Amino acid sequence: MEKIKQRNLAEQVYKLCRQIPQGKVTTYREIAAALGTKGYQAIGQVLKKNPDPGTVPCFKIVKSTGEIGGYCGSDLKNISMKIEKLQKEGIVVREGKVDLGKCLFRFE
DNA sequence: TTGATGACCTGAG
DNA sequence: ACTCAGGCCATCA
């Protein structure tokens with residue numbers, strides 16, 4: 001049987017990212033769960049390697065603890081920009097952390 | 001193919 | 001609350 005494995009994890013991730021509404025954020029864990037995998041790291045890996053802020057709002061993805069994590073190379077400067085973008089969307093960021101109980105979006 | 005890396009997660013001290 | 005160590009998965013050299 002040819003398992004219809006995930007053609008490309010990246011594509012799935014991008015699709016989910018695009019489906020994130022404005023003013024909401026998601027965690028790597030949710031994405032991995034939505035894809036049915038446990039490679040949380042792989043998610044971030046793909047996002048980091050394929051930074052497409054024009055098509056995929058990767059800044060809407062945070063850690064399960066609510067921390068920002070990283071952005072465009074895990075540089076602190078970029079992280080700051082990520083936070084600003086989130087705030088602009090209407091997301092509440094406190095001490096570099098996001099209110100998951102308020103802006104956590106889940107894939108149905 | 002093997003080995004190393006990473007924007008992670010969970011649990012224990 | 002914070003820090004340390006182990007684990008899981010996909011991608012790159």
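In what follows, chains carry the letters A, B, and so on, assigned in the order in which the sequence lines appear, proteins first and then strands, with residues in each chain numbered from 1. This is a predicted model, so every value here is computed, not measured.
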To the nearest Å, how far apart are [X] [atom1] and [N] [atom2]?
{"X": "E30(A)", "N": "dC8(B)", "atom1": "CD", "atom2": "C1'", "answer": "13 Å"}
{"X": "I43(A)", "N": "dA10(C)", "atom1": "CD1", "atom2": "C1'", "answer": "9 Å"}
{"X": "I61(A)", "N": "dC9(B)", "atom1": "CD1", "atom2": "C1'", "answer": "16 Å"}
{"X": "Q12(A)", "N": "dC9(C)", "atom1": "CD", "atom2": "P", "answer": "17 Å"}
{"X": "L35(A)", "N": "dA10(C)", "atom1": "CG", "atom2": "P", "answer": "10 Å"}
{"X": "Q45(A)", "N": "dC9(B)", "atom1": "CD", "atom2": "C1'", "answer": "15 Å"}
{"X": "I31(A)", "N": "dC9(B)", "atom1": "CD1", "atom2": "P", "answer": "10 Å"}

Subject >> Exercise: identify the closest heavy-atom pair between K60(A) and K24(A) >> reply: CD-O, 3.5 Å
Subject >> For Y28(A) against I61(A), the heavy-atom pair lying closest together >> reply: CE2-CG2, 3.5 Å
Original post:
When you check the phosphate oxygens OP1 and OP2 of dC8(C), does a side-chain N or O of K38(A) lie under 4.0 Å from one of them?
Top reply: no
Between [options], which one does the side chain of [X] approach most closely?
{"X": "Q41(A)", "options": "dA10(C), dA7(B), dG6(B)", "value": "dG6(B)"}
{"X": "S64(A)", "options": "dC9(B), dA7(B), dC9(C)", "value": "dC9(B)"}
{"X": "Y40(A)", "options": "dA7(B), dC9(B), dT11(C)", "value": "dC9(B)"}
{"X": "A42(A)", "options": "dA7(B), dC9(C), dT11(C)", "value": "dC9(C)"}
{"X": "K49(A)", "options": "dA10(C), dG6(B), dT11(C)", "value": "dT11(C)"}
{"X": "R29(A)", "options": "dC9(B), dT11(C), dA7(B)", "value": "dC9(B)"}

**OP:** Kindly compute the distance separating OG1 (T65(A)) from CG (L100(A)), expressed to the nearest 0.5 Å.
**Re:** 7.5 Å
**OP:** Taking side-chain contact (heavy atoms from CB on, under 4.5 Å) as the test, write out the residues that go with R106(A), two or more places apart.
**Re:** E30(A), L104(A)
